[in-house]
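See below for the structure under consideration.
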Amino acid sequence: QLDLFMGRHLFEVIVVGGGAAGFFAAIHAARGGAKVTLFEASAKVLQKLIISGGGRCNITQNADVEKLLQGYPRGGNVLRPAFSKFGVSDTLSFFHKAGVKTKVEEDGRIFPISDRSETVARALEEEAAAASVVIRRSSKVMDVRQRRDKVFSPTSKVGTGFEVDVAVPRDPARPLAARPVTTYTADRLILATNITHASLEWLRAFKQPVVPSVPSLFTFRSTHPLLHERAGISVQQAHVTLSVPISHPPQPAQERREKAGGESEKDGEGERREQERTEKAGGEGEKGGEGGEGDRREKERTENRGGEDEKGVEQEAATSHKSLQEQTTTAKTSSENTGDVTTPMHFEARGPVLITHQGLSGPAILRLSAFAARAMHASKYTGTLTVNWTGISLADVLTALTRHRLKNSEGLVDSRAALGIPRRLWSGLMEPVVPRGTCWRDVSDSDLAKIASALVACQLEIKGRGSYTEEFVTAGGASLDGLDIMTWQSRIVPGLYIVGELANVDGITGGYNFQHAWTSGYLAGCAACNSL
């Protein structure tokens with residue numbers, strides 16, 4: 001009655017954000033009997049889903065929980081119980097019941113048989129309508145906060161209640177600042193927006209720990225001559241290694257001595273202590289809650305500094321990471337003259353690589369960018385990429401080249417490509433190694449070794465990043481330390497749920513980000529309804 005008297009609109013659950021996670025949360029909260037309203041700033045909902053996967057929508061990845069976890073640079077093992085509760089099979093069951101037939105492609109990606117993302121979007125909208133979810137389009141949420149008057153709905157068991165200021169779409173053509181603002185109230189609030197300045201400010205106002213946001217899933221820019229005029233060439237089984245130099249202030253001499261415990265800094269001792277520190281850190285990734293003791297200490301230091309400055313990002317990148325497929329080693333060097341300490345961080349991936357007009361792209365490059373997101377941000381998107389264009393070992397390459405030399409003795413090196421390397425790429429790789437017009441019969445063993453080295457250790461300097469327009473993903477957001485992963489409810493503000501991209505979880509390409517959206521949306525929607 002007080003709410004009606006004050007002219008406010010009372011709901012049980014409000015969802016902010018009309019993307020995949022927001023829709024899934026709204027549907028399952030409403031299916032449980034809650035009165036749910038979803039606010040979307042745009043005139044159209046599910047826009048990111050519609051353009052994803054080249055317009056086909058990669059719904060999820062055909063993987064069990066353990067394999068699925070490997071696709072999250074940030075989230076990792078922390079997500080295991082959530083995926084065990086609602087995983088890939090549950091996602092497929094939902095969409096199959098909603099009339100979406102699916103198919104599994106060779107690389108494990110799952111798409112609708114129609115190869116149209118509109119099929120998935122339409123199913124979500126129909127399920128939301130069937131559950132009586134109220135969808136308010138062109139409704140920009142200006143602010144969210146806890147109820148000031150501390151008046152609660154009689155049906156509310158726990159929580160404080162929330163107020164949501166919305167610029168109502170009475171005249172969408174009018175400037176946003178000129179639109180009237182209506183305040184809505186709700187017992188439960190689910191935040192499912194993209195990472196924006198406004199959404200991060202909301203989290204901070206709720207005292208949620210926030211991890212600084214940086215781009216993830218991007219292409220690499222390079223001006224290396226090898227790539228000139230070779231855009232469109234791709235190699236299917238490349239092995240790529242990215243080395244990112246991270247510079248940071250040196251440790252004070254006294255602190256180094258204390259940490260060394262009075263031991264000498266002899267060669268071997270330093271390496272032993274470095275190995276012990278690496279093992280203690282657990283070799284895990286850089287997300288809050290998943291990176292071992294080293295990440296916990298770094299997170300505490302970052303929060304003490306406010307958690308947002310560039311040094312915080314650089315420190316996080318420099319102290320921990322998780323490689324995509326293999327455990328990598330970290331080497332540390334220092335300069336006595338400048339006192340700078342450089343920590344080269346190494347990341348590896350295998351898969352297709354595509355040469356573009358600006359540099360390199362393809363699944364292997366995008367995977368590297370995801371796992372190296374924070375390191376690349378700290379290095380201002382510079383690094384050295386070593387490409388093994390063959391994807392096999394140096395010894396195997398030498399064996400294959402020896403056979404190729406015997407079989408094609410009368411052919412020219414620059415035109416008789418080996419190991420399935422595209423001819424235009426092959427000619428570029430051979431140009432600095434052997435003189436043009438050289439026959440294979442004239443290639444010595446030492447020349448053969450140089451050719452092999454050019455194929456397996458091609459070094460390209462990375463000088464900037466491009467964008468991956470199909471699926472722009474951001475690393476950062478609400479720290480997982482501040483969330484109950486089984487409900488995605490805030491540990492600080494009861495009744496507040498944070499799902500999808502706004503949580504500090506991001507995956508590689510292949511349906512991983514959507515699976516996180518389905519899982520977090522489902523768990524939050526069910527929990528929000530059950531707590532009323």
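Values in this document were obtained by computation on a predicted structure and should not be read as measured data.
R122 and E118 are not joined by a salt bridge, as no carboxylate oxygen comes within less than 4.0 angstrom of a charged side-chain nitrogen. A salt bridge links R405 with D445: the distance from a Lys NZ or Arg NE/NH1/NH2 to an Asp or Glu carboxylate oxygen falls below 4.0 Å. Between E66 and R80 there is a salt bridge, with a side-chain nitrogen of the basic residue lying less than 4.0 Å from a carboxylate oxygen of the acidic one.
Ring-plane geometry between W426 and W440 is classed as tilted, the angle between the planes lying from 30 to 60 degrees on a 0 to 90 degree scale. Ring geometry for F514 versus W518: interplanar angle under 30°, hence parallel rather than tilted (30 to 60°). Using a 30° and 60° split on the angle between ring planes, H516 and Y72 fall in the perpendicular class, above 60°.
Using modelled atom types, one finds a donor on one side chain and an acceptor on the other under 3.5 Å when comparing S393 with D396. With 3.5 Å as the limit, one finds no donor-acceptor pair spanning the side chains of D414 and S427.
Looking at T402, V434, V397 one by one, the single match for side-chain contact (heavy atoms from CB on, under 4.5 Å) with L448 turns out to be T402. Shown are T60, I59, D90; of these, the side-chain contact (heavy atoms from CB on, under 4.5 Å) with Q515 is made only by T60.
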Evaluate the criterion side chain to side chain donor-acceptor pair (under 3.5 Å) for residue pair E461 and H224; output intermediate values, then yes/no. CA-CA 7 Å; E461 292 302 314; H224 195 284; over 6 Å; no
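A distance-only check finds a donor-acceptor pair linking the side chain of N58 to the backbone of G511 [under 3.5 Å]. Formation of a donor-acceptor pair under 3.5 Å by the S213 side chain with backbone atoms of G476 is not found in this model. Of the possible donor and acceptor atoms, one in the side chain of R221 sits under 3.5 Å from a partner among the backbone N and O of R465. Remark: the backbone N or O of L68 is not paired with any side-chain donor or acceptor of D64 at under 3.5 angstrom.
Taking 4.5 Å as the limit, some side-chain heavy atom of L242 sits within range of a side-chain heavy atom of V244. Side-chain atoms of F24 and L523, non-hydrogen and from C-beta on, never get closer than 4.5 Å to each other.
Listed by chain and number, the residues in a side chain to side chain donor-acceptor pair (under 3.5 Å) with T196 are S199 (sequence neighbours excluded). Under the side chain to side chain donor-acceptor pair (under 3.5 Å) criterion, E431 pairs with no residue, sequence neighbours left out.
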